[in-house]
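Each chain gets a letter, A, B and so on, in the order the sequences are listed, and its residues count up from 1.
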Amino acid sequence: MFVSTVGPLDAKIMLVGEAPGETEDRLGKPFVGPAGKTLDRILMEAGISRHECLIANVARERPPGNKISHYFEDSKCTMPKPQMKEWLKILQNEIETYRPNVVVALGGTALWALTGMKGIKNFRGTIVESSLVPGVKVVATYHPQKVNYEWSLLFPTVMDMRKSLRESDSPTIPIDRRELIIASKRQQWEDYLRECLDKQHEWKIAIDLEAYHGHTSWVGISHDKDFAMSVQVLDSDGYPVMNENDELAFWQLLGAVLTSDIKQIYHNAGYDVSQLWYTHGILCKNVWMDTLIGAHACWPEIERNLGFLASICLNVPAWKHTSAGFTKGMYNAEDAANTRGIADVIDTELDKAGVRHTYDSEMSQIEPAEFMQLNGVAIDPEIKERLVKENTDRLDLIENGLSELLKKEINFKSPKQLQELLYLDLGLPTQYKRRRSKYDERKVTTDAEALNKLYRETKHPVLRLILEHRKVTKLLDTFLNIEVTESGKVHTSYNIAGTDTGRWSSSRSIIIPSGSGNLQNIPYEARKMYVPPPGYKIIQADYKQAEAVIVAYLINDVRLKQMFQDSFGKSKKYCEENKLDVHKLTASLMYAIEFDEVTKELRKIGKVLRHSSNYSAGPAVVARELGTTMTDAKKQLDLYHAMCPMLRIWHKKVQEQLQKNRTLITPLGRKRVFMDRWGDTLFRSAYAFIPQSTVGDLLNKALVHFYKTWKHTAMILWLQLHDAMYICVPEQDDERMWMQRMLNSMLHDLTIDYETFQIDVDFKVGHSWGTLEEYDYYA
DNA sequence: GATTTTACGTA
DNA sequence: CGTACGTAAAATCT
C-alpha cells in the first residue's frame, strides 16, 4: 500500500525515514510498527511531540524482504530505479511546499536522498544543506529500527533529535565560522604562541598532538572554538620539515606557553602531557580540562572519541575523513578547535549533571597513572627465556602427542579447522556457545568450556591435548614472547576513562610500545618474570574480599557485616581460632549445620554460591563452577537464597531505582545512567556496578593519596590492579613501615544506608610478581 | 589492508 | 542468560 506523508503541514520539523515496514504497509501510515514505537521513545526523550512533526519515508511502498536495495540499480544504493526517482520527486515537492525549518534524515537512505551523502555513522549529528531542496537544513541521525537492533545508539539518536529541536527554531543553516591555519609558517606560530603568553591569564588553549611512530608530527593549538592553528613537525615519511633552528625555537616557545599560567585543555591529557614530557622535556603546568575525562564523568556509557563528542556538543561538520594523508594538518587543527569548543560544553555539563567531584577525582589520577606508564616494569631476561623455553618444549610434546593421535596436520589455533576435526572427523556431539538470551542465535563453538564438557562426557584424549595446546600457545603468543625496551622494561597505558564503572583499564602504550600491552590480565605463570628494580622489593596491598563486603552492606546482611567487623585488623590465626570465615559461615547457614562441621567441599560450595549469587549468576554457571548437574546447582541456589533472602530484595530495590530514573549512585558518589534496553542484561550490569565501581574508586583514591604523600621518596609506584596497588621500595627499608603508610592511604570510611565501615587490606612481599608471599601484618 | 569474530587472560 | 576490560590469530569483508 502507498504510504503517504502525515502530520501538520506547517510543521517546523519533518522526519524522513527509509521505507514502510510490514505494519506501515498494512495501515498505510509511516512509523506505526516497532520502529514507530522506538521513534516515540526517542522523540519523548528529546522533548519533541510526534504530532507536531511531518513524517514521511523516502520509499513509499514496502520493498520485498524490507530490502531497500530493491529500488536501486546497484548494491551500494546510489543509482535509483525509475520508481525511486519518482518518489524522490514527491519528497522534493513536499519539502518545497511545506518548507519545514529542519528535515531530520532517519538513517542512511534518507541521508542519501536528502543530501547525496553516504555513511550515516560519519555524518549523523551534523547539520548540512539539502541537495534535494537547496537552502533547506538537514540533520542526520540513525533510523529508529537500527536503534532497535543496537540499543547503544539510543543516546546519540536522542542527542541528534535534541539538536534538531534546537535547529527547528529557524530555517537558517549555521555558518561554519572557523578560521583554521594549516601548517602555519614560522611567523604565524611565533605570533600566536607569543599572544598565548600575553593572554595567559585570560585564555584557555586546547593542544592536540599527532604522532608518527611515537614521534610528534603535528601540534594543533586553539584558544577559541572558531580558531586553530596546526604546526607541522614531521612529514608523512617521518622526516623533519623545519630547519633545526626553527624547530628548536618552536619547542622552546611552546614550552614557555605550556609552563606559563595559561589554562590548558586536552582530549586525553595523559597522552599529550606524557608525550610532551617524555620526548620534548616540557612539563605542562596547568591542565585545566581533559575532555575525555570530562565526558567520562558526564556520560560514562557513551563513545568518547572527539568526533562523537563534537557531534553531540557542537555544530561542526564531520572531519574524521581528513585524518589520513595530506589533510592531516587540517585534521589536527580541527581536533584542537573542536576540543576547545567541547571543553566549554562539558564544563557546564559537569555542574548540570552534578558530577564535578567525579571529574576532579579522575583528574587527580592522571599524574600517578602517567608516572607508572613512563616508569614501566622491568622484565628479568633470564626468567623470560626460561619460561619461553619450558613452554616451547611443552608445546612440542603436545604437538607430538596430537600428531600421533590424529595423523593429520591442522592448525589448532583455527576455530574453523577445530570444528571440522571435532564435529565432523571425530563425530563428537556439536557444542554450542552459551547464549545471553534464548532469542540469540545458536553458535557452534570449540571454546574451553565446550571442550571440557566434551572431555567429561567422552574422555577423548585429543580434547585434553587441544586444551593444553590452547593454554600454552596463549601463554607464549600473548604473555611470554613479548618485546621489551632497550632497558629491559615493559610499559602500559593506564586508561582512567577506560571503563563504565570508574575502574581503570590498561592497554598498549603509544608512547613506549612494549610488553603485552594490557598489564591487568597477566597470568600467574608469566608474572614470574616481572621484577622490581635492582636493590628493591615489591609490596602488594589489596582490599580483602572487597566486593563481598560492599554487597553485605548493600543488602544489609547483619551476620556477614558482623563477621567482617570482627575480623577487621585481625591476624589469620585469630580469625581461624574465632571461626571468622565467610564461606564456612555461608555453608553452615545453608545446610543448618555447626560451623565446625563444614567440610572443605561444603566450604567450596558456600564460596562459589556467594560469589555467583552476588552477581545474580544462574544455575548453569554454578553447575560449571562446582562440576555438578543443573538440577543440583538449582537446589544449591535455592538453599542459598532461602538463607540469604536479602539479596533478591536488594535486586528488586535496584530495579525500582532504575525504573525511577535509570540512575545509580555509588557510595563514593559516582553516577551512572543506564541506557540499555530494559531487561535482565541491564539489571545484571546494574547489580555489578555499585560494588565494582566502589572498590575501583576506593583503590584509585588511595593510590592518588599514597602517591602524593610519598612520591618524593625512593618509593616507586609499580602496578594498579583494580583492587590492589603494588609499590617497590628499597631492600633495606622496613616493609612494615611501608605497609602502615599504605594502610593510612587505603583505609577509608565508606557509608551505606547511614552505616560507616572500612574494607581491610592484605599484604604480600617478594622479589618477583609471580612469587610474592603473604605477609600477615596483624600477626 | 581493514574490520569482525573467536577465544582467553585478569579483577 | 555474572560484568568489567584488552590482545592475538583467524576469518571475513571490501
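- When both pairing distances are held under 3.5 Å, dA11(B) makes a Watson-Crick or G-U pair with dT3(C).
- Proximity of residues 692-705 of chain A to DNA chain C (heavy atom under 4.0 angstrom from any strand atom) is restricted to Q692(A).
- Backbone-only engagement by T446(A) is indicated by non-hydrogen atom pairs under 4.0 Å involving sugar-phosphate atoms exclusively.
- Under the 4.0 Å criterion applied to side-chain N and carboxylate O atoms, E625(A) and K607(A) are not assigned as salt-bridge partners.
- Distance from the side chain of S507(A) is smallest to dG6(C) among dT10(B), dA7(B), dG6(C).
- Phosphate contact (OP1/OP2 of dG9(B), side-chain N/O of R470(A), threshold under 4.0 Å): absent.
- Closest approach to the L721(A) side chain among dT3(C), dA11(B), dA7(B) is made by dA11(B) (side chain taken as heavy atoms from C-beta onward).
- When the side-chain nitrogen and oxygen atoms of K416(A) are compared with OP1 and OP2 of dT12(C), one or more of them lie within a distance under 4.0 Å.
- The side chain of K471(A) lies closest to dG9(B) when the candidates are dG9(B), dA7(B), dA4(C).
- Between W112(A) and F72(A), the distance separating the two ring centers is shorter than 6.0 angstrom.
- Atom CZ in F479(A) sits about 14 Å away from atom C1' in dA9(C), given to the nearest Å.
- When each of dA7(B), dG2(C), dC5(C) is scored by its nearest atom to the side-chain atoms of T445(A), the top-ranked nucleotide is dA7(B).
- L682(A) places its CG atom 13 Å from the C1' atom of dT3(C), with the value rounded to the nearest Å.
- Closest to the N495(A) side chain, of the nucleotides dG6(C), dG9(B), dT3(C), is dG6(C).
- For S505(A) and dG6(C), the shortest distance from a side-chain N or O to OP1 or OP2 is below 4.0 Å.
- For dA11(C), the OP1/OP2 oxygens have a side-chain nitrogen or oxygen of S414(A) closer than 4.0 Å.
- Using a 4.0 Å heavy-atom criterion, one finds that I522(A) contacts the sugar-phosphate atoms exclusively.
- For E385(A) and K389(A), the salt-bridge test fails: no basic side-chain N is under 4.0 Å from an acidic carboxylate O.
- Taking the six-membered ring for Trp and thresholds of 30 and 60 degrees, Y494(A) and W504(A) have ring planes inclined between 30 and 60 degrees apart.
- For a distance-only test at 3.5 Å, the side chain of N521(A) qualifies as a donor-acceptor partner of the base of dG9(B).
- For R503(A) against dA11(B), a side-chain N or O and a base N or O form a donor-acceptor pair under 3.5 Å.
- As judged by a 4.0 angstrom heavy-atom cut-off over every strand, A448(A) is placed among residues touching the sugar-phosphate backbone only.
- Here the nucleotide nearest the side chain of K474(A), chosen from dG2(C), dC8(B), dA4(C), is dC8(B).
- At the phosphate of dA7(B), neither OP1 nor OP2 sits under 4.0 Å from any side-chain N or O atom of K413(A).
- Here N614(A) lies out of heavy-atom contact (under 4.0 Å) with every strand.
- Phosphate contact (OP1/OP2 of dA4(C), side-chain N/O of R672(A), threshold under 4.0 Å): present.
- Take Q758(A) and apply the side-chain contact (heavy atoms from CB on, under 4.5 Å) test, not counting sequence neighbours, and it matches F568(A), L747(A), D749(A).
- When every heavy atom of K634(A) is checked against every heavy atom of P619(A), the shortest pair comes out as CG-CB, 3.7 Å.
- Note on P619(A): only backbone sugar-phosphate atoms sit closer than 4.0 angstrom, heavy atoms only; bases stay farther off.
- Residue-level contact check: D447(A) touches the backbone only, with heavy atoms under 4.0 Å from sugar-phosphate atoms and none from bases.
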